[in-house]
Novice: 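One structure, as structure tokens, below. Some questions next.
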Number of protein chains: 2
Amino acid sequence: MSRSPPPPAGAPRAHASSTAVARLAGVSQSTVSRVFSAGAAVSADVRERVLKAAAELHYKPNALPAILQTGRSGIVAVVVGGFYNPFFTEFLRCVTSLLRERRIETMLVDTSSDDNLDDIVGELSRYRIDGVISALAIRSTRVARKLEGAGIPIVAVNSKKFGNLRTVSTDNRSAGALAADLLIDGGCRTLAYLAGRESTAQTERQRGFLKRINDRQVAPPQHVVAGFSYEEGYAAALELLSSGSRPDGIFCVNDLVAIGALDAIRIEFGLSVPGDIQVVGFDDIPMAGWRGPDLTTFHQDMDALALGSVTLLAEAAPSRPIVIPPRLVLRGTTRPRDVAVTP
Amino acid sequence: MSRSPPPPAGAPRAHASSTAVARLAGVSQSTVSRVFSAGAAVSADVRERVLKAAAELHYKPNALPAILQTGRSGIVAVVVGGFYNPFFTEFLRCVTSLLRERRIETMLVDTSSDDNLDDIVGELSRYRIDGVISALAIRSTRVARKLEGAGIPIVAVNSKKFGNLRTVSTDNRSAGALAADLLIDGGCRTLAYLAGRESTAQTERQRGFLKRINDRQVAPPQHVVAGFSYEEGYAAALELLSSGSRPDGIFCVNDLVAIGALDAIRIEFGLSVPGDIQVVGFDDIPMAGWRGPDLTTFHQDMDALALGSVTLLAEAAPSRPIVIPPRLVLRGTTRPRDVAVTP
DNA sequence: TTGTAGGCGTTATCAA
DNA sequence: TTGATAACGCCTACAA
């Protein structure tokens, strides 16, 4: 029997195979296989002998041949769009936790844009991943089409729906409308919106906000494009206030931008929040609850988003989009109020 | 030729194999394999024909048989100890980015404790991962030993060294000493330390801090066990100050604890920082640089930690531990000073 | 309950 | 430069 040359000293010794275990236990390879696959019929005596041999050889079943055989890898790729934003890391936490419960492994992909998602998924498909969960929304038809061509089920969060794409979203538009109500009911009359860059979530929030403002016959808000980071929020607020305008209510595309804006308003301009200006964010990241920012915001229900993603991915065929309602979290950057807010 | 039954309608169609491509291109399977493995000799003519056929069939080489054959998967598991702490997420960001450059995939593991790391790695070894990078330090000999038994190279950050374990660490002890110097030179005489729970990093920071304080003949600091989160830092500061003591300098085990403490000090007690109390953190997470906290802290060089981890993992045999110097970042929670700090 | 044999889709080896 | 053939380690019939 021909054998491979011995591994160089110091190198991790090769993994034992089921054949090796079988030899040591004096049984056939298939018997070893049976012992390690749930619900197969093996006599207690043989099972014990096999397990003993396996332990002795540090045997761990090799998943790869099984995948090769069955076509299912038990691996899901999770895509995030940057670790700077706790929205992504929280989502990642929830998803990996759910996947782990289901004994599925997570392959992590971090990318700044969905533009190259098709390439990344193509690359990952070499590992026969069972699916993709993307916290990054898909924007272009080109990418959506190529992803479909890869033949791997894909769930995207807060994304527009394309073809077979499965989507789970927070109801961003309603939240935008609610934000408008909140500020207007709180007495604001000169509103501003600190926007993100192109993304479905951002567009929807903005749309809901503008629509409700218009419906309630309040003057349209000033619009400043910030981005999604603390620094961009800070800079945008600086720009806004330096221009001489003094809005009394600001809705921000997310919490990082809102916290940046807050710091600029309070520290750079010495204005009071919510006295002079009320501020509303989006996401309810942990820092929004810190005593410093104490930010009023909309909670994105990560558990629901994650559970929805995992569930949709598990389904055989793409089903209807899942929409999760946001939850308003009232904190110290808006005026205390008794009136109930209705969508 | 026997064929498997056709896939159910709607199911993602099966991936094409190199054999299918070979048939279509009119060459042998080995030739297709050569075309897709770098640096193999194939005539331009044949290569073109194969690539055309491959494109037509959406062919992507299946990595699994290759792994089976070569024993190398191109997958590394990265372990983090909770997404609440930007230290972990930043590390994760740097590591995945470096791995991606090297065309290695990241399998993500999130676990609250290193106690079950051996089980997790055992589970992952089924995928024949090439190695493990753990941002979580390894504390117990039992786990270290079992990990060694798995025969997979492992790098741990800020960890004690066990056997074959490869380690990359920030020089936590020196940083602790520097923190003592900084506060004492800044005029502090009644110091306090907000500690984390058992971990090598925490112990080392504390040890360096205490030693330098002792060396400089300043009274030993008060010691409160907080933990590693914002909430725990807040609670610990509350406890410390409610007990009636008024330290004038506090060193915190990490930035989250420090920011929690800051909020308690400023908001709950109305004290001035750095006027009444100076505060020093550790890690230099992004929030430490926000205008609100504006926290003086020690920067952990994530790029260096990540690069060290990836490099150590790539080495054939475990080599010497890598130690990264921390960098003091002076901000607004300590008094401005001109004197240079020397270790 | 256990063993035998074929096949999954690559890489590696050797011959042509 | 190309092709045939043997692994890699498991799962899945099917036979004993």
Novice: If you apply the rule salt bridge (Lys or Arg N to Asp or Glu O under 4.0 Å), what do you find for B/D118 with B/R142, and how did you get there?
Specialist: CA-CA 9 Å; B/D118 48 343; B/R142 181 189 67 80; 3.0 Å; yes
Novice: What is the distance, rounded to the nearest whole Å, between atom CD of A/Q69 and atom C1' of D/dC8?
Specialist: 13 Å
Novice: Do the side chain of A/R34 and the base of C/dG3 come within less than 3.5 angstrom through a donor-acceptor pair of N or O atoms?
Specialist: yes
Novice: Less than 6.0 Å separating the ring centroids of A/F87 and A/F228?
Specialist: no
Novice: Check this for me: does the side-chain of B/T31 come within 3.5 Å of the base of D/dT1 through a donor and an acceptor?
Specialist: no
Novice: Whole angstroms only, please: what is the CD1-P distance between A/I67 and D/dC10?
Specialist: 12 Å
Novice: Answer with yes or no whether the side chains of A/Q29 and A/T19 bring together a donor and an acceptor at under 3.5 Å.
Specialist: no
Novice: Nearest nucleotide by nearest heavy atom, which residue falls closer to the 5' end of DNA chain D, B/R47 or B/L68?
Specialist: B/R47
Novice: Within the pair A/S33 and D/dC11, is there a side-chain N or O less than 4.0 Å away from OP1 or OP2?
Specialist: yes
Novice: Using a cut-off of 4.0 Å on non-hydrogen atoms, how would the nucleic acid contact of A/S17 be classed: base, sugar-phosphate, or nothing?
Specialist: sugar-phosphate
Novice: What's the separation between atom OG1 in B/T167 and atom CZ in B/F162, rounded to the nearest 0.5 Å?
Specialist: 11.0 Å
Novice: Within the 4.0 Å heavy-atom criterion, would you say B/Y59 contacts the bases, only the backbone, or no part of the nucleic acid?
Specialist: sugar-phosphate
Novice: I would like to know whether A/L98 and A/L307 meet side-chain contact (heavy atoms from CB on, under 4.5 Å); could you show each step before the answer?
Specialist: CA-CA 7 Å; A/L98 288 174; A/L307 183 58; 4.0 Å; yes
Novice: Of the listed nucleotides (D/dT2, C/dA12, C/dT4), which one gets closest to any side-chain atom of B/S30?
Specialist: C/dA12
Novice: How many whole angstroms separate atom CZ of B/R49 from atom P of D/dG3?
Specialist: 8 Å
Novice: Write down the distance between CZ (B/R128) and C1' (D/dC10), rounded to a whole number of angstrom.
Specialist: 11 Å
Novice: Looking at D/dT2, I'd like to know if its phosphate oxygens (OP1 or OP2) sit under 4.0 Å from a side-chain N or O belonging to B/S43.
Specialist: yes
Novice: Please report the distance, rounded to the nearest Å, between CD in B/Q29 and P in C/dC8.
Specialist: 12 Å
Novice: Can you tell me how far P of C/dG7 sits from CG of B/N62, to the nearest Å?
Specialist: 18 Å
